[in-house]
*Asks:* 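Could you have a look at this structure, given as structure tokens, before my questions?
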Amino acid sequence: RAVVFSSDRRGKYDLWLQRLDRGKPQGEPVQLTDHAGSAACGRFSPDGRLIAYFRVEAGEREIWIVPADGGIPVRLTDRAGADVQPSFSPDGRRLVFVSDRGGGMNLWVADLLDGPALGEARQLTRGPGPDGSPTWSPDGHRLLFRRGSDLWLLTPDSGKVEQVTRGVAVELAAWEPEGDAALVLGSWDGQPAEVRRVGLDPRVPEGAGDVVVPASIFGGNRILPIN
């Protein structure tokens with residue numbers, strides 16, 4: 001019923017919200033943030049009431065949360081360095097994000113306590129990285145993320161990490177509703193970027209996928225995640 005996006009239409013990057021009616025814009029976009037620094041990577045909570053994002057100010061990157069209906073943003077993290085790319089779990093009880101607090105850019109997760117407050121964060125990945133763009137599976141048991149230019153799969157409860165693609169310049173990935181495949185925008189074998197359906201069954205060869213649609217439908221512009 002709405003889409004959140006980052007725009008510099010008033011001189012700096014802030015979060016804006018556009019209400020939708022059957023997929024079409026309804027009314028004018030509403031500005032959600034107006035603080036020092038810039039705001040990026042807005043992500044809805046499962047119930048649509050809250051939006052998590054990260055704020056960039058004076059070289060620091062911290063995670064904030066703001067009500068989708070408007071209100072005062074609340075700061076969730078307060079550490080030197082970078083905490084970015086937050087994403088709510090499907091049950092709304094956890095928040096995964098990317099942080100360099102462990103030395104490299106890796107995935108961390110924290111429980112959401114009463115209201116918009118974070119519990120103690122736990123480190124999920126410890127690879128060479130950089131890790132980024134974490135996305136929860138529909139059942140909340142797995143996470144897709146980028147490590148370098150490839151796509152990886154993490155099971156937080158067991159700590160198991162599996163590589164999904166090899167030598168693919170992955171730009172974006174999104175779960176299919178059933179949780180058995182992902183739609184991946186990337187460049188296979190140095191070819192122009194295209195969207196492929198990549199199965200997440202371990203019996204399927206890594207990097208295999210059916211072409212869904214060429215990325216050229218986006219007017220030739222590349223679609224990139226916000227870092």
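Heads up: numbering here begins at 1 and tracks the sequence.
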*Asks:* Please find the pair of heavy atoms, one from Ser137 and one from Pro90, that lie closest to each other, and give the distance.
*Replies:*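 So the two residues come closest at O-CG, 3.2 Å.
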*Asks:* Hydrophobic clusters here meaning ILVMFWY residues chained together by side-chain heavy-atom distances under 4.5 Å, can you tell me if Val56 and Val84 are in one?
*Replies:* yes
*Asks:* First locate atom CH2 of Trp108, then atom OG1 of Thr77, and finally report the distance between them rounded to the nearest 0.5 Å.
*Replies:* 12.0 Å
*Asks:* Test side-chain contact (heavy atoms from CB on, under 4.5 Å) on Ser133 and Gln85; report intermediate values, then the result.
*Replies:* CA-CA 6 Å; Ser133 303; Gln85 299 178 351; 4.2 Å; yes
*Asks:* Before you tell me yes or no, could you show the steps for Glu194 and Arg196 under salt bridge (charged side-chain N to carboxylate O under 4.0 Å, His left out), namely the whole-Å CA-CA distance, both residues' side-chain angles and the distance that decides it to 0.1 Å?
*Replies:* CA-CA 6 Å; Glu194 59 190 8; Arg196 292 194 181 193; 2.8 Å; yes
*Asks:* Are the side chains of Tyr53 and Val66 in contact, using a 4.5 Å heavy-atom criterion?
*Replies:* yes
*Asks:* Quick one about Arg9 and Ser7 (side-chain donor to acceptor, distance below 3.5 Å, no hydrogens or angles considered), yes or no?
*Replies:* yes
*Asks:* Is it the case that one hydrophobic cluster holds both Trp64 and Leu112, taking links as side-chain heavy atoms less than 4.5 Å apart, direct or via other members?
*Replies:* no
*Asks:* For the pair Arg94 and Asp111, find out whether any cationic side-chain nitrogen is under 4.0 Å from an anionic carboxylate oxygen.
*Replies:* no
*Asks:* Would you indicate whether the side-chain heavy atoms of Leu124 and Leu143 approach each other to under 4.5 Å?
*Replies:*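 Yes. Closest side-chain heavy atoms under 4.5 Å.
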*Asks:* With sequence neighbours excluded, tell me which residues meet salt bridge (charged side-chain N to carboxylate O under 4.0 Å, His left out) with Glu57.
*Replies:* Arg55
*Asks:* Is it the case that the side chain of Arg142 and the backbone of Gly179 share a donor-acceptor pair, with hydrogens and angles ignored and the cut-off at 3.5 Å?
*Replies:*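 Such a contact is found between Arg142 side chain and Gly179 backbone.
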*Asks:* Kindly indicate, with the supporting measurements, whether the criterion salt bridge (charged side-chain N to carboxylate O under 4.0 Å, His left out) is fulfilled by Arg19 and Asp69.
*Replies:* CA-CA 10 Å; Arg19 296 290 179 186; Asp69 290 333; 2.8 Å; yes
*Asks:* Would you say Asp139's side chain and His141's backbone share a donor-acceptor pair under 3.5 angstrom?
*Replies:* yes
*Asks:* Is there a path of hydrophobic side-chain contacts, each under 4.5 Å between heavy atoms, that joins Trp188 and Leu144?
*Replies:*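 Same hydrophobic cluster.
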*Asks:* Got a second to check how far Arg43's CZ is from Ile65's CD1, nearest 0.5 Å?
*Replies:*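 One gets 13.5 Å once the value is rounded to the nearest 0.5 Å.
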*Asks:* Shortest non-hydrogen contact from Gly167 to Asp150?
*Replies:* N-OD2, 2.9 Å
*Asks:* Could you check Asp157 against Thr155 for side chain to side chain donor-acceptor pair (under 3.5 Å), going step by step and ending with a plain yes or no?
*Replies:* CA-CA 6 Å; Asp157 291 342; Thr155 305; over 6 Å; no
*Asks:* What pair of heavy atoms forms the shortest contact from Trp136 to Trp175, and how long is it?
*Replies:* O-CD1, 3.0 Å
*Asks:* Looking at CG of Leu20 and CD of Gln26, how far apart are the two atoms once the value is rounded to the nearest 0.5 Å?
*Replies:*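 One finds 8.5 Å between CG of Leu20 and CD of Gln26.
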*Asks:* Measuring from Arg147:CZ to Thr165:OG1, what's the distance to the nearest 0.5 Å?
*Replies:* 12.0 Å
*Asks:* Would you say Asp100's side chain and Gly81's backbone share a donor-acceptor pair under 3.5 angstrom?
*Replies:* no
*Asks:* Can you tell me if Tyr13 has over 12 outside heavy atoms packed within less than 6.0 Å of its OH?
*Replies:*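 No, not enclosed.
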*Asks:* Are His35 and Pro73 close enough that some pair of their side-chain heavy atoms sits under 4.5 Å apart?
*Replies:* yes
*Asks:* Do you know which two heavy atoms are closest between Ala181 and Gly199, and how far apart they sit?
*Replies:*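 Nearest pair, atom of Ala181 first, then Gly199: CB-CA, 4.1 Å.
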*Asks:* Measure across Pro46 and Gly92 and return the closest heavy-atom pair with its distance rounded to 0.1 Å.
*Replies:*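 Here Pro46 and Gly92 meet closest at CG-N, 3.6 Å.
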*Asks:* Run the salt-bridge test on Arg75 and Asp78 with the 4.0 Å N-O cut-off and return the result as yes or no.
*Replies:* yes
*Asks:* Is it true that atom CZ of Arg1 has more than 12 heavy atoms of other residues, nucleotides or ligands lying nearer than 6.0 Å?
*Replies:* no
*Asks:* Would you mind checking if Arg101 and Asp83 are paired as a salt bridge, meaning a charged N to carboxylate O distance below 4.0 Å?
*Replies:*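 Yes, this pair counts.
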*Asks:* For a 4.5 angstrom cut-off between non-hydrogen side-chain atoms, does Ser87 reach Phe97?
*Replies:* no
*Asks:* Report the C-alpha separation of Lys160 and Leu154 in whole Å, then their side-chain angles, then the decisive distance to 0.1 Å, and conclude whether the side-chain contact (heavy atoms from CB on, under 4.5 Å) test is met.
*Replies:* CA-CA 6 Å; Lys160 184 179 181 181; Leu154 167 69; over 6 Å; no
*Asks:* Verify the cluster assignment for Leu200 and Val184: are they in a single hydrophobic cluster under the rule of side-chain heavy atoms below 4.5 Å apart?
*Replies:*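 Yes, Leu200 and Val184 fall within the same hydrophobic cluster.
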*Asks:* OG/Ser38 to CZ/Phe54 distance, rounded to the nearest 0.5 angstrom?
*Replies:*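 Between Ser38 OG and Phe54 CZ, I get 7.5 Å after rounding to 0.5 Å.
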*Asks:* Verify whether one side chain among Ser89 and Asp91 offers a donor that lies under 3.5 Å from an acceptor in the other.
*Replies:* yes
*Asks:* Go through Arg10 and Trp16 one step at a time and tell me if the side-chain contact (heavy atoms from CB on, under 4.5 Å) criterion holds.
*Replies:* CA-CA 11 Å; Arg10 289 189 176 171; Trp16 293 71; 3.6 Å; yes
*Asks:* Looking at Glu62 and Arg79, would you say the former's side chain and the latter's main chain have a donor-acceptor pair under 3.5 Å?
*Replies:* yes
*Asks:* side-chain contact (heavy atoms from CB on, under 4.5 Å) between Phe145 and Leu107: does it pass, once the steps are laid out?
*Replies:* CA-CA 9 Å; Phe145 68 99; Leu107 303 190; 3.7 Å; yes
*Asks:* Tell me the closest heavy-atom pair linking Phe88 and Phe44, and the distance in Å.
*Replies:*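 Taking every non-hydrogen atom into account, CD1-O, 3.3 Å.
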*Asks:* Evaluate the salt bridge (charged side-chain N to carboxylate O under 4.0 Å, His left out) criterion for residues Asp34 and Lys12: first the C-alpha distance (whole Å), next the side-chain angles of each, then the deciding distance (0.1 Å), finally the verdict.
*Replies:* CA-CA 9 Å; Asp34 187 17; Lys12 63 183 180 65; 3.7 Å; yes
*Asks:* Rounded to the nearest 0.5 Å, what separation is found between the CD atom of Glu171 and the OG atom of Ser187?
*Replies:* 8.0 Å
*Asks:* Find out whether the Lys NZ or Arg CZ of Arg146 is both under 6.0 angstrom from the six-membered ring centre of Trp152 and within 45° of the ring's axis.
*Replies:*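 That pair does not qualify as a cation-pi contact.
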*Asks:* How about CZ on Arg122, more than 12 heavy atoms from neighbouring residues, nucleotides or ligands closer than 6.0 Å, or not?
*Replies:* yes
*Asks:* Are Leu17 and Val3 side-chain neighbours, meaning at least one heavy-atom pair lies under 4.5 Å?
*Replies:* no
*Asks:* Do Leu15 and Leu76 sit in one hydrophobic cluster, given that two such residues count as connected whenever their side-chain heavy atoms are within less than 4.5 Å of each other, even indirectly?
*Replies:*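 Leu15 and Leu76: separate clusters.
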*Asks:* Could you check whether any side-chain N or O of Gln31 sits under 3.5 Å from a backbone N or O of Thr33, counting only pairs where one atom can act as donor and the other as acceptor?
*Replies:* yes
*Asks:* Out of Val74, Leu118, Leu95, Val98, which one pairs with Ile63 under the side-chain contact (heavy atoms from CB on, under 4.5 Å) rule?
*Replies:* Leu95
*Asks:* Who pairs with Glu28 by salt bridge (charged side-chain N to carboxylate O under 4.0 Å, His left out), at least two apart in sequence or on another chain?
*Replies:*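 For Glu28, no residue satisfies salt bridge (charged side-chain N to carboxylate O under 4.0 Å, His left out) once neighbours in sequence are set aside.
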